[in-house]
Amino acid sequence: MRIDVDPSLTDPTSVYRLLTATVVPRPIAWVSTVSADGTDNLAPHSFFTIASVDPPVVQFTSVGRKDSLRNVEETGQFVVNLAPEGLFEQINATATDFPRGTSEFDACGVAREPGLRVKVPRVAASPVALECELHSTVRIGDSTVVFGRVVHLAVDEAYMTDGHPEITLMRPLTRLGKDEWGTLGGIREISRVPYQGQG
């Protein structure tokens, strides 16, 4: 027997909990930004995916008006840092609701390195950094989807195997429901089945 839920008759917090517990696992965009006055910011966003490959565009969603969104609007730049399992505690710490003007890099002890094509710092220990320039934003209800054109990819060669980022080395974290996080589990490989048609 199913439980039926009408979002229009349900409080938003309950809908949020249902959605985030069922749309899983979600990759994490560990987004670094800089405000107009030069204060850097770092926060994880679990509403994140690829929007386009040609041109390369990624997207993340700011639920509410977070500092990440404000900074991107002010400067037009951001970096998506891969969130690896080894930095679990620091990633979680950067989700703290610090007052605006606080650098999560400093508050949470995250080492930074300069970006190459953007003026936003990257997470030094992250295996992959996607440097982005703002493409556009779309406001949907209480959230804003941020689209960023990837202008530079920086991949640590220690995480590459045969010219390809190796998932078992990167070990990305994912978000689940409640306070749950996911780590890299079993990996299965299968080739896509090409359509043969009738001949």
Side-chain angles (χ1 to χ4, degrees), residues 25-51 56-62 66-135 146-176 179 181-184:
R26 297 187 308 281
I28 299 167
W30 202 12
V31 178
S32 50
T33 58
V34 174
S35 66
D37 66 7
T39 303
D40 52 28
N41 180 271
L42 182 62
H45 295 265
S46 69
F47 296 179
F48 164 59
T49 193
I50 300 166
V57 175
V58 294
Q59 68 182 73
F60 74 92
T61 298
S62 174
K66 305 282 180 61
D67 288 343
S68 299
L69 173 61
R70 293 188 186 98
N71 292 349
V72 170
E73 290 174 339
E74 290 174 1
T75 69
Q77 297 183 335
F78 63 96
V79 176
V80 173
N81 304 275
L82 185 136
E85 184 179 342
L87 299 179
F88 179 39
E89 287 78 11
Q90 288 179 307
I91 295 164
N92 185 58
T94 61
T96 301
D97 188 20
F98 290 106
R100 182 156 173 80
T102 300
S103 168
E104 285 80 3
F105 281 95
D106 296 332
C108 302
V110 180
R112 51 169 80 75
E113 66 181 18
L116 184 68
R117 292 281 305 276
V118 297
K119 295 180 180 179
V120 177
R122 308 186 300 222
V123 174
S126 175
V128 182
L130 309 177
E131 299 185 10
C132 301
E133 292 181 351
L134 179 62
H135 175 279
V146 178
F147 296 90
R149 180 163 184 161
V150 180
V151 295
H152 182 73
L153 295 89
V155 184
D156 188 328
E157 61 182 0
Y159 295 86
M160 301 283 282
T161 300
D162 298 327
H164 192 272
E166 175 54 50
I167 191 72
T168 59
L169 297 176
M170 295 189 298
R171 300 196 62 80
L173 287 166
T174 60
R175 281 290 279 127
L176 307 173
D179 288 332
W181 298 64
T183 55
L184 185 66

| task | Take V146 and L134 through the test side chain to side chain contact (heavy atoms under 4.5 Å, CB included) and record every step on the way to the result. | result | CA-CA 8 Å; V146 178; L134 179 62; 3.8 Å; yes
| task | Flag yes if more than 12 heavy atoms outside I167 fall under 6.0 Å of its CD1 atom; otherwise flag no. | result | yes
Looking only at non-hydrogen atoms, find the nearest pair between [X] and [Y] and report the distance.
X    : Y    : result
L42  : W30  : CG-NE1, 3.4 Å
A154 : R122 : CB-NH1, 3.6 Å
T33  : S68  : CG2-O, 3.8 Å
V110 : V123 : CG1-CG1, 3.8 Å
V120 : V34  : CA-CG2, 3.9 Å
A36  : T75  : N-CG2, 4.1 Å

| query | For R100, which residues count as a side chain to side chain contact (heavy atoms under 4.5 Å, CB included) partner, sequence neighbours excluded? | reply | S35, D67, R70, N71, E74
| said: Among residues at least two apart in sequence or on other chains, which ones pass side chain to side chain contact (heavy atoms under 4.5 Å, CB included) with A124? | reply: A111, E113
Within a strict 4.5 Å, meaning less than it, do heavy atoms of the [X] and [Y] side chains meet?
X    : Y    : answer
E73  : S62  : no
I28  : P172 : no
N81  : S32  : yes
R26  : F47  : yes
H164 : V155 : no

Just how far is it from atom [atom1] of [X] to atom [atom2] of [Y], taken to the nearest 0.5 Å?
X    : Y    : atom1 : atom2 : answer
S46  : L176 : OG    : CG    : 9.5 Å
M160 : M170 : CE    : CE    : 9.0 Å
H135 : Q59  : NE2   : CD    : 11.5 Å

| request: Dump the intermediate steps for side chain to side chain contact (heavy atoms under 4.5 Å, CB included) on H45 and T61, then the final yes or no. | output: CA-CA 7 Å; H45 295 265; T61 298; over 6 Å; no
Ignoring hydrogens and angles, write down the donor-acceptor pairs under 3.5 Å from the side chains of residues 82-91, residues two or more places apart or on other chains.
unit_1 : atom_1 : unit_2 : atom_2 : d
E85    : OE1    : R171   : NE     : 2.8
E85    : OE1    : R171   : NH2    : 3.1
Q90    : NE2    : G109   : O      : 2.7

| query | Going by an N to O cut-off under 4.0 Å, is there a salt bridge joining D40 and K119? | reply | no
| Pairs in or reaching into residues 154-163: which pass side-chain hydrogen bond (donor to acceptor under 3.5 Å, both in side chains), with residues at least two apart or in two chains? | none
| Taking only residues two or more places apart in sequence, or in another chain, which ones meet T39 in a side chain to side chain donor-acceptor pair (under 3.5 Å)? | D37
| remark: Taken in chain and number order and not counting sequence neighbours, the residues that satisfy side chain to side chain donor-acceptor pair (under 3.5 Å) with S126 are none
| query | For L116, does its backbone N or O pair with a side-chain atom of E131 as donor and acceptor, under 3.5 Å? | reply | yes
| said: In terms of relative ring orientation, are F78 and F60 parallel, tilted or perpendicular, with 30° and 60° separating the classes? | reply: perpendicular
